[in-house]
A.B. asks: 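Sharing a structure with you now.
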Amino acid sequence: MTSWEIRQKYLHFFESRGHAVTPSSSLIPAGDPTLLFTNAGMVPFKDIFLGLESPRTPRAVSIQKCIRAGGKHNDLDRVGFTRRHHTFFEMMGNFSFGDYFKSDAIAFAWEFLTRELAIDPKRLWITIFRDDDEAMALWSALPGVDPSRIVRLGEKDNFWQMGDTGPCGPCSEILVDQGPAFSCGSPDCMVGCDCDRYLEIWNLVFMQFNRSRDGVLTPLPRPSIDTGMGLERISAIMAGVASNYETDLFLPLIDSISQKAKVPYEMGNGSLDYAFRVIADHLRSGVFLLHEGIVPSNEGRGYVLRRILRRAIQFSLELELPSPVLSDLAKQTVLMMHHPYPELENSLSRIQDVLSHEEDRFSRTLSEGLPVLKGYINEVISRNENILPGEMLFKLHDTHGFPIDVCEDVARHQGVHLDFKGFEEKMEEQRERGRQSWVGKKEDFPVPASRLSVPVSFLGYERDQVMGEAILLIRDGKEVTEVHEGESVSLVLTPTVFYGEGGGQVGDRGLLRGPFGQITVSSAKKPWPGWILLVGTVTSGTVRKGELLDQQVDLFSRRQTEIHHTATHLLHAALRQVLGEHVRQAGSLVTPERLRFDFSSPHPVSKVDLEEIGALVNEWIRRDQPVNASEMEKSKAQEVGALAFFDEKYGDIVRVVSVEGTSTEFCGGTHARSTGQIGTFLILQESGVAAGIRRIEAVCGSAAYDRILYWKSSLEAFEQEMGGVKSEEALSRLATLKTERDRLQREVAALKTKLFVSEDRQRDKEWVRVNGSSFLFTDVTIDDPKDLRLRMDALKSDVTSGAVLLLGVLPERVVLLGWASEDVAKKFPVSDLVKSFSARLGGRGGGKPIWAEGGGPMPENLESLLAEMREIGARTFGDAFKA
RNA sequence: GGGGGGUUAGCUCAGUUGGGAGAGCGUCAGGAUCGCACCCUGAAGGCCACGAGUUCGACUCUCGUACCCUCCA
C-alpha cells in the first residue's frame, strides 16, 4: 500500500464519520511566537483546545506537515542515524472538539487499523494510562482485542499535557509488534521498551482535565480528542519495510542521490546509508521551509533552515556528491511530494535559487574554515593534548562562521574532543557584550514609570501645535520645579504633539513657549510605553512645573521625516514585489535627512533590481494616492493583511497605515498625507549589515533634490577639470590619460636606466678591485629614493662577483642602498656596512647580507663623511678579500 | 549598535623578527606536433582597497575610512 493510498483512506474514513477534512496549515504557527515551527498535528487547533477560539466544526481530520528541529524537541543530530527520526514529517490526526470522546476515538482507531489497513489484530498491542480504567474497559470490549495485550503505563509515557497548566489527560497508544527480529534482545524487552520491536504508531490523547496553577486537576465540561499517527511510520509498516526511509516518502529521493553519488543505498545495511537518510530528510524539510518563504539566515527560523541545509551539504560531501547538488535534489523532492503538495512546483525555481546560493556560500565558509580548523587541531596535537579549547572553537564559529558540529566531526577523526563549556562561555561573553553596547546607548529615564500614573496623550497625528501642561521637569537626572536659561532639561508635557522616537522614526524637534521662558527641544523619546519625554535646552527665561506651554514642532523636519517614513513603506512594498515575499523588515531608521531600511535577503540586490525598485516607488509617488491611517483591533488588521513583524510588541488596538493597493502595515509613526508629497525617491546605496540582511539608504523630497544638486555641481566641477568635456566623454578621456601616464612612467624609468648606465661608465675608475671581486662606493644626487634602485640595477647588471654601496643625496636627508653578490656577501655582508654607516649618519639601517637599506638626516659635514666612508668601505672590502 | 576577520596580477591565492612584490590558472608571442589536450621557452599584466601616523625604510606595525564575510544584540 502506498503512502498516497494511506492518506486517501485515512481522510475518507474520518470524513465519512463526520470529520471536516482540514488542509495542512503552515509550518509557521500563526500568532504563536513561542513556537518556532508547527511540530504536532494539533498545533493549528491549539486555541480551540485552550478555549480561546470556538471550533467551526465539532470534528476535524488533517494530515499536518510538521518540523521538529531547533528549540526544545531537537533531534537534529539523531536524524539519519535511526530508522524513525525526521526533521520533517506528516502527522495524521483526527480531532474532536468537545464532541465524541474515548469510546469513539478508540473504536475509530481500531476499525481503521484492522479493517481499512487490514493489519492483523494479533500484531497489535495497546498501552493505556495506569489509572484509566475507562479506557481499559472500552478496549477490552472491542472484538478482536486481547485484554492481555493491554498494558498500563505511567505518567511519563501515557499522560499528556500541553504545558504546566491547561488541558491535559491520559492517552492510549497503539503499537505494532514487528517481531523478535526487531528486538533489542534484552530479556526485559517488552511493550514500553525503547527498541524497534514494539513500535508506537498511533497516540490517542483524551483531553479531559484542566490543570490549574497549583496543580489541581478539574474535569473539563466538554472533553476533547487529539490523535496523532505519523504517516512515515504507518507507511513503513504497510510497506513491510524496516525503516521509514525505505518508503515511497523517501526512496525516490534516495534513489536519485544514489545515482548522483554512484553509490548504492543498501537499505540500512551500508556503511554510508546514514548519509543518504540525512540528505533526504533535510531536503524534505528544506524544500518545505523554503516554500513557506523562510530564507537561510543567522537567527530564528532562518537559522534552523540554514543549519538543516548546511548539514545536508556536509553529508553530501561524505558521499562525494558532485557539487552543487541541492538544487537538483530539490527538484526530485518536489516531484516526489507532488501529489499531496502540488503547490510546491510554483516555488521550485525560487527554492532552487536560494539553495544554490546557500550551497555556494557554505562551500566558501567550509573551504575557508577547514584549514584554520586543521591548523588548530595540529596545534593541539603537537602539544600532546586532545581537547580543542573553547577559544579556538569560538574563533572558528564567530569569525569564520564555521559550524561546530562539523568541527566535532573533523576533530573526532583525529581523536580530539571539543571544549564545549569554554565555547559556551565565550558565546555568553559575546552576548553580554552585545547587550552592554545596546543598553549603554539607551538613555536612562531618571524617574521610574510608576511615578507617572497618567499616560501622555499624543495629538501629533492630527495637529502640529497645541498647549500642554509641564507635568514633570528633570535637570541633571533629578526632578525639579523650575529650570532656567542655559540649562539642559528633560520634561513631560500632556497633551503633546511631539512624536517620541519609536518604530525607527526619530523624535521631533521644536520649540516650547511658556509665559516666562522658552525651551528648544532637540529630541523626543519614549522611555516607557505611553510616555513621551522631551529633551532640550532653556533658551530664555524660566519654565516652571505646572505651566502651560505652547508647543511648536519644527514643521520642516517633521514633514521631511513623514515623507521619509511613507517612502519606507513604499520601499518595503516594492522590495517584496520585485525581490519576493520573503523580504522581511529587519530594522528601520527614519530621519528628516534620509531613511535607512534593513531587510532579510539572501544575496545583494542587483543593480537592475535596485533600479526597478526605485522606479516603482517613484511611480507610486506620482500616482499621488492618499495615505490612510486608522486604529483597529489586531485581529481585524490581520484580516486586512497588514504586514506585522514584531507582533508581540503591539497591544490589542493597533494602528494601520495603508496606501491603497500598495502597502498596508502596522505602524505607529507619522506619515505624509498622500504619496505625492514625497516628491522624489532616490536610492543612495545598497549594502550588507549582517549575513542575509541587506540595507538600503535613500533620500526623499528636498533632501533628494539637494543631493541631486550636489551631484550636479561636483559633476560640473569634474567636467571642467577634465577640460570642459561632457562627463560621458570624460570617462574615456580619463582612460586615455591613465594609459598615457603609465606609458610615460615606463618611458621615464627606461630613460633613467639608460642615463644611469652611461653615467656609471664614467665611474669606472672608482671601482676597487681585489682578487677578481670588485667594490664600488659612490654618491649621487637624486630627487626620488626609487632612483637609487634603478641605479643599483644598472650598476650591478655587469658585475658577477662584487658589491655596490650607493649613497643618495636628497634635499633634506641621505639614503643608503647596498648590494653584494652571493659569493661576496659571505665574506663581506653589505648589511654590516649599511648598518654602521647609517649610525654614523645619525639614522638606522639594515637588511640582508646581499641587500640592505639605510639612511639618516642630512649631515652638516657631508663631504668629509663621504671621504671617510669611501676609505672605510674600500679598506673593509680589501681586508675581506686580501688572502 | 558592538565584536572578530578579509581586501596583493584578469581569476584563485602565497608572502613574519619592517629591508629588492610572488605562484598557479588565464592572456599574448615563439617552439614542439599531421592536429588537439599536454609539453617547453619567453613576455605583458601591480599606487599590495583608500587616507593618515610611526620609521632611514611599510604589502608587513598603529589609527581612521570604504567595501565584503561572519558572530552577537
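Throughout, protein chains are lettered first and strands after them, A, B, ... in sequence-line order, and every chain is numbered starting at 1.
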A.B. asks: Name all pairs fulfilling the salt bridge (Lys or Arg N to Asp or Glu O under 4.0 Å) condition that reach into residues 809-818 of chain A, sequence neighbours left out, sorted by first residue then second.
C.D. replies: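 Counting only pairs at least two positions apart or across chains, no salt bridge (Lys or Arg N to Asp or Glu O under 4.0 Å) contact touches residues 809-818 of chain A.
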
A.B. asks: Start with the C-alpha distance between A:Val380 and A:Ile387, add both sets of side-chain angles, then the distance that settles side chain to side chain contact (heavy atoms under 4.5 Å, CB included), and finish with yes or no.
C.D. replies: CA-CA 7 Å; A:Val380 167; A:Ile387 291 175; 5.8 Å; no

A.B. asks: Which of these nucleotides, B:rC72, B:rG4, B:rC56, is closest to any side-chain atom of A:Arg813?
C.D. replies: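 Among B:rC72, B:rG4, B:rC56, the one nearest the side chain of A:Arg813 is B:rC56.
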
A.B. asks: Considering only the P atoms, how many Å lie between B:rC69 and B:rG24, rounded to the nearest integer?
C.D. replies: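 Comparing P positions in B:rC69 and B:rG24 gives a spacing of 31 Å.
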
A.B. asks: Would you say the side chain of A:Gln430 and the base of B:rG4 hold a donor-acceptor pair, judged only by whether the two atoms sit under 3.5 Å apart?
C.D. replies: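 It does not, because no donor-acceptor pair links the side chain of A:Gln430 to the base of B:rG4 below 3.5 Å.
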
A.B. asks: With sequence neighbours excluded, tell me which residues meet side-chain contact (heavy atoms from CB on, under 4.5 Å) with A:Asp787.
C.D. replies: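 So A:Asp787 forms a side-chain contact (heavy atoms from CB on, under 4.5 Å) with A:Lys752, A:Phe756, A:Ile782, A:Asp783, A:Asp784, A:Leu790.
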
A.B. asks: Calculate the interatomic distance between A:Asp598 atom CG and B:rG2 atom C1'; express it in whole Å.
C.D. replies: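 That distance rounds to 15 Å.
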
A.B. asks: Using a 3.5 Å cut-off on both pairing distances, which stems of three or more Watson-Crick or G-U pairs include RNA chain B?
C.D. replies: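 Looking at RNA chain B, the stems formed by three or more consecutive pairs are B:1-7 with B:66-72, B:10-13 with B:22-25, B:27-31 with B:39-43, B:49-53 with B:61-65.
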
A.B. asks: Mind telling me whether A:Phe597 and A:Phe599 have parallel, tilted or perpendicular rings, with 30° and 60° as the class edges?
C.D. replies: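 Correct class here is parallel.
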
A.B. asks: Please examine the side chains of A:Trp819 and A:Val799, heavy atoms only from C-beta on, and report whether any two atoms are closer than 4.5 Å.
C.D. replies: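 Sidechains of A:Trp819 and A:Val799: in contact.
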
A.B. asks: Measuring only the P atom in each nucleotide, how far is B:rG45 from B:rG19? A whole number of Å is fine.
C.D. replies: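 One P to the other, the span is 26 Å.
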
A.B. asks: In terms of side-chain geometry, is the basic nitrogen of A:Glu379 or A:Arg383 positioned less than 4.0 Å from the acidic oxygen of its partner?
C.D. replies: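 Looking at A:Glu379 and A:Arg383, the cut-off is met.
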
A.B. asks: Output all residues satisfying salt bridge (charged side-chain N to carboxylate O under 4.0 Å, His left out) with A:Arg594, sequence neighbours left out; order by chain, then residue number.
C.D. replies: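 Partners of A:Arg594 under the salt bridge (charged side-chain N to carboxylate O under 4.0 Å, His left out) test: A:Glu697.
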
A.B. asks: Rounded to the nearest angstrom, tell me the gap between atom CG in A:Leu396 and atom C1' in B:rU70.
C.D. replies: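 Roughly 12 Å, once rounded to whole Å.
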
A.B. asks: In terms of the nearest nucleotide of RNA chain B, which residue is placed more toward the 5' end: A:His400 or A:Lys395?
C.D. replies: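 The residue mapped nearer the 5' terminus is A:Lys395.
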
A.B. asks: In chain order, what residues pass the salt bridge (charged side-chain N to carboxylate O under 4.0 Å, His left out) check against A:Glu759, with sequence neighbours excluded?
C.D. replies: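 In terms of salt bridge (charged side-chain N to carboxylate O under 4.0 Å, His left out), with neighbours along the sequence ignored, A:Glu759 is linked to A:Arg791.
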
A.B. asks: When the P atoms of B:rA52 and B:rG46 are compared, how many Å lie between them, rounded to an integer?
C.D. replies: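 It comes out at 23 Å once rounded to the nearest Å.
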
A.B. asks: List for me each residue that meets salt bridge (charged side-chain N to carboxylate O under 4.0 Å, His left out) alongside A:Asp398, sequence neighbours excluded, and say none if there are none.
C.D. replies: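 With sequence neighbours excluded, A:Asp398 shows a salt bridge (charged side-chain N to carboxylate O under 4.0 Å, His left out) to no residue whatsoever.
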
A.B. asks: Holding to side-chain contact (heavy atoms from CB on, under 4.5 Å), I want the full list of residues that pass it with A:Ser773, two or more places apart in sequence or in another chain.
C.D. replies: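 side-chain contact (heavy atoms from CB on, under 4.5 Å) check on A:Ser773 returns A:Ser801, A:Val824, A:Phe877, A:Phe881.
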
A.B. asks: For a quick check, with a 4.0 angstrom heavy-atom cut-off, what is the B/S/- contact string for nucleotides 17-23 of chain B, read 5' to 3'?
C.D. replies: --BBS--

A.B. asks: Specify the separation, in whole Å, of atom CD of A:Glu424 and atom C1' of B:rC71.
C.D. replies: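 So the CD-C1' distance, A:Glu424 to B:rC71, works out to 13 Å.
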
A.B. asks: Could you give the distance separating B:rU33 and B:rC40 at their C1' atoms, to the nearest angstrom?
C.D. replies: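 Here B:rC40 and B:rU33 have their C1' atoms 12 Å from each other.
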
A.B. asks: Tell me: CG of A:Leu589 to P of B:rG1, nearest whole Å?
C.D. replies: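 It works out to 9 Å between those atoms.
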
A.B. asks: For residues 848-857 of chain A, which residue pairs qualify under salt bridge (Lys or Arg N to Asp or Glu O under 4.0 Å), counting only residues two or more places apart or in two chains?
C.D. replies: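 The answer is A:Arg789-A:Glu853.
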
A.B. asks: Please list each protein N or O that sits under 3.5 Å from an N or O in nucleotides 44-48 of chain B, with the distance.
C.D. replies:
residue : atom : partner  : partner atom : Å
B:rG45  : OP1  : A:Arg746 : NH1          : 2.9

A.B. asks: Output the rounded distance in Å from CG (A:Leu807) to P (B:rG57).
C.D. replies: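 About 15 Å, once rounded to whole Å.
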
A.B. asks: Hey, is A:Lys826 close enough to A:Glu822 for a salt bridge, meaning N to O under 4.0 Å?
C.D. replies: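 Between A:Glu822 and A:Lys826 there is no salt bridge, as every charged N stays at least 4.0 Å from the carboxylate O atoms.
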
A.B. asks: Just by distance, with hydrogens left out, do A:Ser522 and A:Arg509 show a side-chain donor and acceptor under 3.5 Å apart?
C.D. replies: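 Note: A:Ser522 and A:Arg509 side chains miss the donor-acceptor criterion.
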
A.B. asks: Please tell me whether A:Arg763 and A:Thr778 have a donor and an acceptor in their side chains that are separated by less than 3.5 angstrom.
C.D. replies: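 Result is yes, a qualifying pair exists.
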
A.B. asks: For A:Glu812 and B:rC56, what is the distance between atoms CD and P respectively, to the nearest whole Å?
C.D. replies: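 A:Glu812 atom CD is separated from B:rC56 atom P by 14 Å.
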
A.B. asks: Whole-Å distance between B:rG3 P and A:Glu432 CD?
C.D. replies: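 A:Glu432 atom CD is separated from B:rG3 atom P by 15 Å.
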
A.B. asks: Has the side chain of A:Asp398 got a donor or acceptor atom sitting under 3.5 Å from an opposite partner on the base of B:rG3?
C.D. replies: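 Checked by distance alone, the answer is yes.
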
A.B. asks: Could you measure between the two C1' atoms, the one in B:rG1 and the one in B:rC25, and give it in whole Å?
C.D. replies: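 Those two atoms are separated by 43 Å.
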
A.B. asks: Just checking A:Arg695: base, sugar-phosphate only, or nothing, at a heavy-atom cut-off of under 4.0 Å?
C.D. replies: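 The answer is sugar-phosphate, as A:Arg695 gets under 4.0 Å only of primed atoms, P, OP1 or OP2.
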
A.B. asks: Rounded to whole angstrom, note down the C1' distance from B:rC48 over to B:rA43.
C.D. replies: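 Result for the C1' pair: 22 Å, nearest Å.
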
A.B. asks: Grab the CG-C1' distance between A:Leu788 and B:rC56 for me, whole Å please.
C.D. replies: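 Computing the A:Leu788:CG to B:rC56:C1' distance gives 12 Å.
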
A.B. asks: Taking the C1' atom in each of B:rU17 and B:rA58, what is the distance between them to the nearest angstrom?
C.D. replies: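 Between the two C1' atoms, the distance is 15 Å.
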
A.B. asks: With sequence neighbours excluded, give me every salt bridge (Lys or Arg N to Asp or Glu O under 4.0 Å) pair touching residues 860-871 of chain A.
C.D. replies: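 Listed by first then second residue: A:Asp779-A:Arg870, A:Arg840-A:Glu868, A:Glu871-A:Arg875.
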
A.B. asks: Sticking with atom P, work out how far B:rU41 lies from B:rC50, rounded to a whole angstrom.
C.D. replies: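 35 Å, rounded to whole Å.
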
A.B. asks: Below 3.5 Å is the cut-off: list the nitrogen or oxygen pairs between protein and nucleotides 58-63 of chain B, distance only.
C.D. replies:
none

